[in-house]
Amino acid sequence: MLLIYSNPESWAGLSAEQREDLSRSHQGLTRELTDQGLLVSAAGLADPITTRTVFVNADNTRSTTDGPYAEAKEHLAGFYLVECEDIDQAIDYAARMPDAKHVAVEVRPVMDASGMEM
């Protein structure tokens, strides 16, 4: 899974042209991954302000907080789930994410239900 992180300060610093270029680049990469049969799924995520973090306490009571739990400027903004031959191929695609020029793109293997890497 290629996890795209965003930082509101970095995003605000981009010009309209840079934002449009990011969008076009994502469209091109999505087409390429689809044409190669590698794309399983991809999506952007809603603004972090819409996040709810849920905890179940030791007494089985539920508590919910608004927003992400982590106190960080960056937040998970979207993902691509791709079927790669190995981690190196996934890293190559992560490096081609247009966001990688501005923020982090994390590569993380997806685990199946038994806890083994797929």
Side-chain angles (χ1 to χ4, degrees):
M1 180 168 279
L2 310 180
L3 303 169
I4 304 164
Y5 287 84
S6 184
N7 180 321
E9 293 173 11
S10 295
W11 183 255
L14 297 177
S15 68
E17 183 178 329
Q18 289 173 310
R19 291 179 188 185
E20 289 173 16
D21 185 51
L22 275 169
S23 179
R24 279 191 302 275
S25 296
H26 272 290
Q27 290 171 3
L29 189 55
T30 299
R31 268 192 307 277
E32 179 183 334
L33 290 166
T34 300
D35 291 347
Q36 293 179 10
L38 300 176
L39 185 65
V40 176
S41 180
L45 301 176
D47 190 283
I49 198 164
T50 65
T51 301
R52 301 298 179 267
T53 302
V54 178
F55 301 93
V56 177
N57 301 312
D59 63 357
N60 276 341
T61 58
R62 181 181 73 188
S63 62
T64 306
T65 60
D66 293 344
Y69 181 70
E71 294 295 328
K73 290 184 179 184
E74 291 186 345
H75 62 272
L76 183 62
F79 69 91
Y80 282 69
L81 182 57
V82 294
E83 188 69 40
C84 293
E85 293 178 20
D86 54 36
I87 192 75
D88 292 326
Q89 184 182 27
I91 290 169
D92 289 342
Y93 279 112
R96 292 184 53 205
M97 289 285 156
D99 307 80
K101 294 177 183 175
H102 307 282
V103 292
V105 176
E106 181 179 334
V107 177
R108 187 180 301 183
V110 174
M111 307 289 270
D112 67 16
S114 68
M116 302 298 292
E117 289 185 9
M118 294 178 75

With sequence neighbours excluded, residues passing ring-ring contact (aromatic ring centres under 6.0 Å, His included) with His26: Tyr80
Value rounded to 0.5 Å, distance of CE in Met97 from CG in Leu3: 10.0 Å
Cluster overlap Leu29 with Leu45, hydrophobic side-chain contacts below 4.5 Å: no
Minimal non-hydrogen separation, Ala95 against Ala100, with atom names: O-CB, 4.1 Å
Same cluster (ILVMFWY, side-chain, under 4.5 Å), Val107 and Leu38: yes
4.5 Å side-chain heavy-atom contact, Gln27 and Thr30: no
Inter-residue atom distance Glu83.CD - Gln89.CD, 0.5 Å rounding: 9.5 Å
hydrophobic_cluster_shared for Val40 and Ile87, side chain cutoff 4.5 Å: no
Pairwise side-chain contact, Arg52 with Asp66, heavy-atom cut-off 4.5 Å (strictly under): yes
Distance, nearest 0.5 Å, that separates OG1 of Thr61 from CG of Asp59: 3.5 Å
Verify same cluster id: Leu81, Tyr93 (apolar side-chain graph, 4.5 Å): no
Ser6 and Asp99, any side-chain heavy atoms less than 4.5 Å apart: no
Residue pair His102, Leu22: steps toward the side-chain contact (heavy atoms from CB on, under 4.5 Å) verdict: CA-CA 10 Å; His102 307 282; Leu22 275 169; 4.2 Å; yes
Separation between CG of Leu39 and OG of Ser41, rounded to the nearest 0.5 Å: 7.0 Å
Non-neighbouring partners of Arg96 that pass salt bridge (Lys or Arg N to Asp or Glu O under 4.0 Å), sequence neighbours left out: Glu32
Minimum side-chain heavy-atom gap Tyr5-Leu76 below 4.5 Å: yes
Qualifying residues under salt bridge (Lys or Arg N to Asp or Glu O under 4.0 Å), relative to Arg31, sequence neighbours excluded: none
Side-chain heavy-atom pair Trp11, Arg19 within 4.5 angstrom cut-off: yes
Any residue meeting salt bridge (Lys or Arg N to Asp or Glu O under 4.0 Å) with Glu9, in chain and number order, not counting sequence neighbours: Lys73
Residues which pass side chain to side chain donor-acceptor pair (under 3.5 Å) with Arg108, listed by chain and number, not counting sequence neighbours: Glu106
CD/Glu85: more than 12 non-hydrogen atoms of other groups inside 6.0 Å: no
Pairs involving residues 37-47, ordered by first then second residue, that meet salt bridge (Lys or Arg N to Asp or Glu O under 4.0 Å) (sequence neighbours left out): none
Atom of Gln18, atom of Gly13 and distance for their closest heavy-atom approach: OE1-O, 4.1 Å
ILVMFWY network linking Leu14 to Ile4, side-chain heavy atoms under 4.5 angstrom: no
